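First comes the structure, then the notes that go with it.
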Amino acid sequence: MQTFYNDIQIMEYTFSEIEKKQQQFWQENKIYQVDIDHSKPKFYVLDMFPYPSGAGLHVGHPLGYIASDIYSRFKRLTGFNVLHPMGFDAFGLPAEQYAVQTGQHPAITTDINIKRYKEQLGKLGFSYDPEREIRTSDPDYYKWTQWAFLKMFLHWYDNLSQKARPISELIVEFEKNGNTKVNAACTETPLFEAAVWNGMEDNEKEAVLMNYRIAYRAETKVNWCPALGTVLANDEVKDGVSERGGHPVIQKDMMQWQLRVTAYAKRLLTGLNELDWSDSLKEMQKNWIGHSEGAEVFFQIKNSETKIQVFTTRPDTIFGATFMVLAPESELTDKITEIEQTEEVDKYVTRAKNRTERERIADAENITGVFTGSYAINPFTQKEIPIWIADYVLSGYGTGAIMAVPAHDSRDYAFAKHFNIEIIPVVEGGDISETSYDAKKGKMINSGILNGLDVHDAVLKIIDEIETQNLGHRKVNYRLRDAIFSRQRYWGEPFPVYYKEDTAIPLKEEELPLTLPEINDYKPTETGEPPLGRASDWLYKNQYPFELSTMPGFAGSSAYYLRFMDSKNNQELVSKTANNYWQDVDLYIGGTEHAVGHLIYARFWNKFLYDLGYIVKDEPFKKLVNQGMIQGRSNFVYRIKDSSTFVTYNKRNQFEFSEIHTDVNIVHNDILDIEAFKQWRPEFSDAEFIFDDDGKYHCGYAVEKMSKSKYNVVNPDDIIARYGADTLRLYEMFLGPIEQSKPWDTNGIEGVYRFLNKFWRLFFNENETINLTDEKPSKDEQKIINTLIKKVSDDIEKFSFNTSVAAFMVCANDLSKLKCNKREILEKFLITLSPFAPHITEELWQLGGHNDSIFNEAFPEHNESFLIETTITYPVAFNGKTKFTVEVSVDLKNSEIEKIVLSDERTKSRLNGENPKKIIVVPGRMVNIVI
RNA sequence: GCUCGAGUGGUGAAAUGGUAGACACGAAGGACUUAAAAUCCUUUGGGCAGAAAUGCCUGUGCGGGUUCAAGUCCCGCCUCGAGUACCA
């Protein structure tokens with residue numbers, strides 16, 4: 001007996017040893033290092049790089065990373081030269097908030113967090129090229145963020161050529177023709193002749209040029225977050241509070257750096273057409289850009305030279321315009337308010353200006369407004385119509401003034417009803433006694449020259465009329481705003497800009513990077529300046545002050561995909577050679593939360609660099625996949641009121657109880673681990689329990705956000721320690737379609753773990769030694785493996801990873817039933833599985849006698865000849881309901897199949913001697929008999 | 001309000017208009033074991049009939065429609081999720 005154990009060489013699936021060993025093997029042999037290789041087609045797979053938070057990764061974070069890793073490995077095995085890098089979006093608010101609280105330098109915390117992230121990611125066995133890692137907070141990296149900013153500062157956008165051009169060319173034009181012939185994307189600038197330009201002082205010229213620069217500085221209404229002490233971009237504000245931290249945000253006028261993203265609105269919109277992105281994502285971008293076509297029309301004010309310019313998408317309804325509304329912030333307010341109305345108007349305007357965005361939203365149902373006492377002349381009806389001020393008109397959109405057509409706009413309708421203003425219908429088809437008729441359908445009435453026309457034709461005709469009468473012009477408006485680019489913070493890229501008097505002077509390219517100075521406290525200064533105000537030496541040549549704000553979070557993430565192509569280059573952002581080879585991102589994976597922020601800015605940034613000829617692609621991300629969110633699955637225990645007794649889920653209603661979150665890591669299949677629970681928290685150490693009839697304590701559950709406070713966070717490290725990374729990778733994919741959000745439930749993981757163990761055993765015999773034979777595989781074995789290869793290749797291309805995992809399981813089950821140990825079959829299986837489970841497959845590949853990595857092999861191609869069937873099983877349905885099946889030879893004609901089915905006893909008993917009305921035979925599919 | 005998704009067993013889910021529930025989890029029963037773990041086998045949408053083999057009915061959020069045939073296509077609703085919100 002004593003020799004029993006010694007004789008057997010136990011070859012268990014020891015995942016932790018295997019994974020450690022193979023990760024080391026890959027690292028030592030630089031398996032994932034990639035370089036330009038013109039003999040192979042390129043493929044660029046990118047994940048949205050993470051912000052390394054202090055909490056580390058939870059099990060939801062790697063979902064997208066696993067998918068992209070599988071795809072990368074698959075592409076590599078099918079002959080592509082795959083670029084698959086990873087880096088860190090390392091500037092950001094949380095590290096700075098922490099610094100404010102603790103005095104710890106954000107660089108230190110960021111370093112610690114990155115280290116932890118790398119450790120966690122490393123355990124998952126991703127195929128990132130370690131040489132290409134970047135961090136946005138590294139001066140060697142942010143040098144190029146500053147460089148791009150300088151380029152934007154030194155360019156303007158020419159609407160005629162739809163392209164960014166150097167400011168120097170604009171100056172030449174100004175010297176020749178003033179700005180009269182320039183059609184630029186710019187801040188509103190009065191027209192001037194060349195002589196005026198040439199007569200200007202330098203600082204006056206600078207002020208004019210600022211209106212044209214793509215990166216420019218201007219006074220603007222900003223979202224100011226007092227709690228964070230900084231401004232935020234529109235997409236960083238949700239429901240009037242900051243997206244990070246949930247602090248209130250107010251509107252405030254401030255001098256800010258901005259990026260003229262709106263110049264690119266049209267191209268950002270049309271560019272979407274060529275992208276392989278989900279419809280919903282494109283829709284979000286379209287809505288955010290907000291293209292609307294219409295006309296700008298001037299309305300003359302009665303007894304005045306002043307005109308009001310409005311933007312409307314419904315110029316066809318102009319005959320129904322019975323009043324006008326200005327935004328409270330409008331500059332015309334003072335000009336047109338009649339004396340007797342001044343007091344009331346002032347009161348209203350002051351109140352509106354003092355209200356926060358949030359109050360305005362909350363108060364949306366309350367209709368408010370004030371009459372100015374003035375009247376405008378409707379240019380088509382010649383009627384006098386009152387001019388009102390109301391906060392339902394926004395100063396930031398269109399011209400900040402509207403012509404109100406109450407019959408055909410619901411907001412105008414509500415306003416007119418409330419203030420008793422005339423409502424004239426001009427489109428037939430709706431009942432306007434209760435609500436307005438907003439639809440763009442029907443015939444025009446009460447509309448002079450438009451009467452009888454269809455809405456669509458009326459729009460075209462009236463715009464022509466407006467233009468010939470010189471009342472206005474056709475116009476396309478966008479909702480998109482320029483991006484505010486300053487943050488009153490320390491932990492971001494410094495602006496490569498200093499000030500002489502009030503004029504901003506850019507650094508020279510050779511002077512980059514401008515690195516962050518050290519400061520001793522990260523709070524704003526006593527005088528309310530940003531933290532950089534504390535740096536005493538923050539002066540250019542010890543003389544001119546540098547900019548005190550830094551760049552926002554999206555700066556560093558706007559061109560990182562380009563940097564990965566050539567991350568070590570200290571001469572250029574990316575070399576021509578590298579960019580020509582890698583071109584663009586073929587597959588980009590990340591969450592929808594970046595749909596309108598990062599993905600708009602990155603596309604803008606890319607288009608700008610494209611205009612300047614630094615890169616070859618107009619769009620950065622060819623295909624984009626949004627992975628779903630992994631939600632938490634919380635567990636509850638039920639404590640009986642005023643006691644330390646906990647009652648099981650089913651019996652809780654017999655008592656008065658309170659529901660308490662319990663740690664999901666001490667619950668298995670909703671059954672509480674009593675001992676672990678007692679130890680979990682001291683106050684539960686003497687807990688007592690009322691069990692269910694099976695003697696167990698059953699917990700309740702709910703799907704919620706994964707968060708610490710709900711005790712439903714699952715750490716990938718724990719899962720890897722227990723089951724291994726390959727199991728985790730497979731399980732995350734097995735959970736369901738990649739785009740779908742789903743709750744994390746560790747319970748199902750046993751299934752894939754069992755599969756990997758079964759897979760492992762396929763390679764060993766009863767004596768636990770590796771056992772592969774070179775015998776010729778049987779037809780059945782060939783069929784099994786070729787079915788798998790076909791299915792998995794198709795599924796990976798469709799991003800249907802969950803069904804691939806199911807196919808692997810079916811294959812392993814089938815092959816173990818046949819006790820297959822043919823090398824030819826099992827090695828194909830290994831390669832097919834390797835993108836999903838890289839460690840176990842690499843290990844078995846080596847145990848099978850190979851020295852080179854499995855990832856230098858080729859993905860097997862399926863052989864159709866093994867999949868051809870000789871018989872087909874036809875379901876036979878009666879009136880569409882399947883009743884039984886018949887197996888027939890594959891080469892039978894329809895009429896022969898029909899004959900076989902009709903002569904079947906089971907058919908006869910159903911027909912009762914009557915003739916069927918119709919028989920449908922779908923070749924290869926099914927038979928349907930209509931009776 | 002508008003826009004876009006999604007509703008299928010106890011659970012995660014699968015299904016080019018052609019046998020609904022593949023593959024798993026869980027559960028129940030069994031084999032192996034002194035026992036356990038591991039492994040293997042059987043059953044598992046619901047209902048009805050039968051000793052059983054089996055048979056029948058019903059079933060993909062609800063109501064209609066198209067079709068020989070609908071989870072899948074069309075129309076109308078309901079519910080949930082995401083985005084957006086005085087955008088003229």
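Below, chain A is the first sequence line, B the second, and so on; all start at residue 1. Since the structure is predicted, the reported quantities are computational estimates derived from the model, not experimental observations.
Rounded to whole Å, the distance from CG on A:L735 to C1' on B:C23 is 13 Å. The interatomic distance linking A:I462 (CD1) with B:A88 (P) rounds to 19 Å, in whole Å. One atom, CD1 of A:I318, and another, C1' of B:A88, lie 13 Å apart when rounded to the nearest Å. Here B:C23 presents its P atom at 17 Å from CG of A:L730, a figure rounded to the nearest Å. Here B:C23 presents its P atom at 15 Å from CG of A:D795, a figure rounded to the nearest Å. Distance, A:F878 CZ to B:G55 P: 13 Å, rounded to whole Å. What separates CD of A:Q285 from P of B:U3 is a distance of 20 Å, to the nearest Å. Nucleotide B:A24 holds its P atom 17 Å from the OH atom of A:Y753, rounded to whole Å.
Non-hydrogen atoms lying under 4.0 Å from RNA chain B are contributed by A:N802, A:T803, all within residues 797-805 of chain A.
Rounded to a whole angstrom, the distance from the C1' atom of B:C40 to that of B:C32 is 8 Å. For the P atom pair drawn from B:G17 and B:G76, the interatomic distance equals 22 Å after rounding to whole Å. Here the separation of B:A28 from B:A20, taken at their P atoms, is 30 Å to the nearest Å. With both ends at atom P, the span from B:U44 to B:A24 equals 15 Å, rounded to whole Å. Distance check on atom C1': B:A52 versus B:G63 gives 43 Å, rounded to whole Å. Nucleotides B:G65 and B:U60 have their P atoms positioned 16 Å apart, rounded to a whole Å. Rounded to a whole angstrom, the distance from the C1' atom of B:G83 to that of B:U16 is 32 Å. One P atom belongs to B:U72, the other to B:G9, and the distance between them is 15 Å to the nearest Å.
Comparing B:C40, B:C86, B:A22 by their closest approach to the side chain of A:R761 singles out B:C40. Taking the side chain of A:Y701 as heavy atoms from C-beta on, and the options B:C4, B:A88, B:U11, the nearest nucleotide is B:U11. Side chain of A:R754, nearest nucleotide from B:C4, B:G12, B:G26: B:G26. Of the candidate nucleotides B:C41, B:C25, B:A88, B:C25 has the atom lying nearest to any side-chain atom of A:N747. For A:K881, counting side-chain heavy atoms from C-beta on, the closest listed nucleotide (B:U58, B:U19, B:A88) is B:U58. Here the side chain of A:K758 is nearest to one of B:C40, B:U16, B:A14, namely B:C40.
In this structure, B:G59 makes no Watson-Crick or G-U wobble pair, since no nucleotide meets both defining distances under 3.5 angstrom. In this structure, B:U79 and B:A6 make a Watson-Crick or G-U wobble pair, each of the two defining distances being under 3.5 angstrom. Of all nucleotides present, only B:C41 satisfies the Watson-Crick or G-U wobble test against B:G29, with each distance under 3.5 Å. Searching all strands for a Watson-Crick or G-U wobble partner of B:U16 with both distances below 3.5 Å returns nothing. Partner assigned to B:A24 is B:U11, using Watson-Crick or G-U wobble distances below 3.5 angstrom. Across all strands shown, B:U84 forms a Watson-Crick or G-U wobble pair, both distances under 3.5 Å, with B:G1.
The aromatic rings of A:F419 and A:W388 sit tilted, their planes meeting at an angle between 30° and 60°. Ring geometry for A:F799 against A:F801 counts as perpendicular: the plane angle is over 60°, on a 0 to 90° scale with 30° as the lower cut.
Evaluation of the salt bridge (charged side-chain N to carboxylate O under 4.0 Å, His left out) test over residues 797-816 of chain A, restricted to residues two or more places apart or in two chains, returns A:K75-A:E797, A:D795-A:K798.
When the nearest nucleotides of RNA chain B are assigned to A:G751 and A:V927 by heavy-atom distance, the more 5′-ward of the two goes with A:V927. Both A:S280 and A:R314 lie close to RNA chain B; mapped to their nearest nucleotides by heavy-atom distance, the more 5′-ward contact belongs to A:S280.
Among the protein residues, A:N669 comes within range of the sugar-phosphate backbone only, with heavy atoms under 4.0 Å from sugar or phosphate atoms but none that close to a base. Among the heavy atoms of the strands lying under 4.0 Å from A:P737 are primed sugar atoms or P, OP1, OP2 only; no base atom is included. Among the heavy atoms of the strands, none lies under 4.0 Å from A:S410. If you check every strand for non-hydrogen atoms under 4.0 Å, A:K883 touches sugar and phosphate atoms only. A:Q740 comes within contact range of the sugar-phosphate backbone alone, with a heavy-atom separation under 4.0 Å but no base atom that close. Here A:N813 lies in heavy-atom contact (under 4.0 Å) with sugar-phosphate atoms only.
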query = When you look at A:S436 and A:D438, which way does the side-chain hydrogen bond (donor to acceptor under 3.5 Å, both in side chains) test go after all the steps?
reply = CA-CA 6 Å; A:S436 61; A:D438 293 13; 2.6 Å; yes
Using atom types as modelled, flag every donor-acceptor pair under 3.5 Å from a side chain in residues 290-298 of chain A to any protein atom, sequence neighbours excluded.
unit_1, atom_1, unit_2, atom_2, d
A:H291, NE2, A:E293, OE2, 3.1
A:S292, OG, A:Y397, OH, 2.8
A:E296, OE1, A:Q309, NE2, 2.7
A:E296, OE1, A:H473, NE2, 3.4

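For A:F878, the side chain to side chain contact (heavy atoms under 4.5 Å, CB included) partners are A:V876, A:K883, A:F884, A:T907, A:R910, A:I929, A:I931, not counting sequence neighbours. Evaluation of the side chain to side chain contact (heavy atoms under 4.5 Å, CB included) rule for A:R754 yields A:E750 as partners, not counting sequence neighbours.
Residue A:K742 qualifies as enclosed at atom NZ: its count of foreign heavy atoms under 6.0 Å is above 12. By the 6.0 Å contact criterion, NZ on A:K783 is open, its count of non-hydrogen atoms from other residues, nucleotides or ligands being 12 or less. Atom CD of A:E434 sits in a sparse spot, with 12 or fewer heavy atoms from other residues, nucleotides or ligands closer than 6.0 Å. Heavy-atom neighbours of A:K221 NZ from other residues, nucleotides or ligands within 6.0 Å: above the threshold of 12. In the displayed structure, A:Y649 atom OH is contacted under 6.0 Å by at most 12 heavy atoms of other residues, nucleotides or ligands.
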remark   = In 5'-to-3' order, the base (B), backbone-only (S) or no-contact (-) status of each nucleotide in nucleotides 63-85 of chain B, using a 4.0 angstrom heavy-atom cut-off, is -----BS-------------SSS
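For B:G17, the O4'-C1' to base torsion is more than 90° from 0; the nucleotide is therefore anti.
Comment: A:D279 does not engage A:K286 in a salt bridge, judged by the lack of any side-chain N to carboxylate O separation of less than 4.0 angstrom.
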